[in-house]
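Structure record follows, encoded as structure tokens.
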Amino acid sequence: MTLKVYADRFSQPCRAILIFCKINGIDFEEITIEVLKLQQFTPEYKEINPMSEVPAIVDGGFKLFESHAILIYLACTNPGVADHWYPADIFKRTKIHSLLDWHHSHLRRGASNSNNINRFLDVDFENDYLNDFILVAGLVYNTILAPLYGLPSNPRAVDEAKKILPKSLSILDDFWLQGSGQFLLGNSEPSIADLSLVCEIMQLEFLSEKDYLRILSPYKKVLQWIKDTKNATAPYFDEIHMTLFNAQKGIREHMLTQSVSSPEGGRKSEVYSEM
């Protein structure tokens, strides 16, 4: 039976899995679950993932969720996957696990405010995934999407993001990208960790071009690593990110219109610029 991948391309972890499948020639069926339409809460989908989150996969009768677990499963069950993605060497493999754990506790961290989302969508659920889905360290949600959709932003979350994100990017630049190789852990070829982390950082594309560059320009290794990972996974990287790029274009045009027509809109952009 064909592998089924349940995904929303606005989700960073979903994009990592889709790119991984395509670059490794894994036959799969992509089934779109639109998180902003709350499709993850349907009874049918909760049979696949009771946590009501994307991504998830169904491989025959086997169901699995959590992106890192899915990437590991796909690397181990498909003989055509090159060893560099998830090495057989236990020392290299555990280094990748260490990096993936760091990813969730640092780079992916951010303050969320699910109560605002609940009021906006007129639903009530104890799940902060929707916030996690649309933010990197609180910046994207609190400075772009909340104002765009008329939701209250959380200045405290923005302040926290100003501390977390630069620190995480600095660690990424100085520690995880040290060594002679062009990829994480000093490797000469990408691993599942490269895909997972680079898709996370790509969420910052929602910001204005000026602010995107302001945040990332101090981290030369990170910028080069993003380019190298894109090149190593071409043409699928841009293909899978096209949904993000199209949304980015609309949001940036809206931001430009707001800043030109409203002095207040211009001031809002500075909230996340001062990092």
Side-chain angles (χ1 to χ4, degrees), residues 9 11-26 67-68 70-72 74-76 78-109 136-137 164-207 209 211-242 244-245 248 275:
R9 293 193 181 193
S11 160
Q12 308 93 299
C14 290
R15 295 196 301 269
I17 289 167
L18 294 172
I19 294 169
F20 183 83
C21 287
K22 285 181 172 285
I23 197 68
N24 286 291
I26 298 172
S67 62
H68 293 168
I70 293 171
L71 287 167
I72 291 168
L74 294 174
C76 292
N78 290 275
V81 174
D83 184 72
H84 64 82
W85 288 108
Y86 188 62
D89 183 294
I90 188 63
F91 298 106
K92 293 179 180 179
R93 181 173 287 193
T94 50
K95 285 287 188 180
I96 289 174
H97 280 266
S98 176
L99 177 50
L100 291 174
D101 288 348
W102 176 85
H103 170 213
H104 266 306
S105 60
H106 292 81
L107 189 61
R108 195 162 174 76
R109 271 185 62 206
V136 172
I164 294 172
L165 187 56
K167 183 178 179 180
S168 295
L169 289 171
S170 181
I171 293 171
L172 192 61
D173 204 73
D174 296 336
F175 180 72
W176 295 115
L177 284 168
Q178 65 180 332
S180 58
Q182 63 205 94
F183 297 101
L184 296 171
L185 298 167
N187 294 327
S188 58
E189 295 178 287
S191 73
I192 59 173
D194 290 276
L195 266 186
S196 188
L197 271 72
V198 80
C199 287
E200 187 74 48
I201 291 177
M202 287 301 293
Q203 210 76 348
L204 291 172
E205 291 275 349
F206 275 120
L207 303 178
E209 183 177 7
D211 289 300
Y212 175 84
L213 292 174
R214 186 195 300 269
I215 291 170
L216 288 177
S217 60
Y219 310 104
K220 306 303 181 186
K221 290 182 183 178
V222 171
L223 286 172
Q224 185 59 50
W225 162 71
I226 293 172
K227 292 180 182 178
D228 291 337
T229 307
K230 285 182 179 181
N231 291 336
T233 54
Y236 306 113
F237 190 95
D238 283 346
E239 174 191 327
I240 298 301
H241 278 87
M242 194 54 63
L244 178 69
F245 295 150
Q248 167 213 70
M275 296 185 65

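Note that this is a predicted model, so its numbers are computed, not measured.
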Approximate separation, where rounding is to 0.5 Å, of Gln203 CD and Ser11 OG: 7.5 Å
Minimum-distance pair of heavy atoms, taken over all atoms of Phe91 and Asp89: N-OD1, 2.8 Å
Parallel, tilted or perpendicular, as decided by the 30° and 60° cut-offs, for the rings of Trp85 and Phe20: perpendicular
side-chain contact (heavy atoms from CB on, under 4.5 Å) evaluation trace for Ile240 with Arg9: CA-CA 7 Å; Ile240 298 301; Arg9 293 193 181 193; 3.6 Å; yes
Heavy-atom closest pair, residues Ser188 and Gln182: O-OE1, 4.0 Å
Minimum heavy-atom distance between Ile19 and Cys199, given as atom pair plus value: CD1-SG, 4.0 Å
Inter-residue atom distance Leu71.CG - Ser191.OG, 0.5 Å rounding: 9.5 Å
Heavy-atom donor-acceptor pair, Ser217 side chain to Leu213 backbone, under 3.5 Å: yes
Side chain proximity check, His84 to Pro190, heavy atoms < 4.5 angstrom: yes
Between OG on residue Ser98 and CZ on residue Arg93, distance to nearest 0.5 Å: 15.0 Å
From CA spacing to verdict: side-chain contact (heavy atoms from CB on, under 4.5 Å), Ile72, Tyr86: CA-CA 7 Å; Ile72 291 168; Tyr86 188 62; 3.7 Å; yes
Over all atoms of both residues, closest heavy-atom pair of Leu197 and Trp102: CD2-CZ3, 3.9 Å
Interatomic distance, His68 atom NE2 to His103 atom NE2 [nearest 0.5 angstrom]: 5.0 Å
From NE2 (His104) to CG (Leu100), nearest 0.5 Å: 7.5 Å
Closest heavy-atom pair and its distance - Pro166, Tyr219: O-OH, 3.3 Å
Trace of the side-chain contact (heavy atoms from CB on, under 4.5 Å) decision for Ile17 with Leu74: CA-CA 9 Å; Ile17 289 167; Leu74 294 174; 4.1 Å; yes
Qualifying residues under salt bridge (Lys or Arg N to Asp or Glu O under 4.0 Å), relative to Lys22, sequence neighbours excluded: Glu239
side-chain contact (heavy atoms from CB on, under 4.5 Å) assessment of Met202 paired with Gln248: CA-CA 11 Å; Met202 287 301 293; Gln248 167 213 70; over 6 Å; no
Min side-chain heavy-atom separation Thr233-Leu195 under 4.5 Å: yes
Asp83 side-chain N/O to Ala88 backbone N/O, donor-acceptor pair under 3.5 Å: yes
Trp176 CH2 to Ser168 OG distance, which is reported to the nearest 0.5 Å: 11.5 Å
Under the salt bridge (Lys or Arg N to Asp or Glu O under 4.0 Å) test, residues paired with Glu189 that sit two or more places apart: none
Show me the donor-acceptor pairs, under 3.5 Å and distance only, between side chains in residues 222-229 and residues at least two apart or in other chains.
| unit_1 | atom_1 | unit_2 | atom_2 | d |
| --- | --- | --- | --- | --- |
| Gln224 | NE2 | Asp228 | OD1 | 3.0 |
| Trp225 | NE1 | Asp194 | OD1 | 2.7 |
| Trp225 | NE1 | Thr229 | OG1 | 3.3 |
| Thr229 | OG1 | Trp225 | O | 2.8 |

Contact summary for Ile96 and Ala193, nearest pair of heavy atoms: CG2-CB, 4.2 Å
Heavy atoms from other residues, nucleotides or ligands near NZ of Lys92 exceed 12 (cutoff 6.0 Å): no
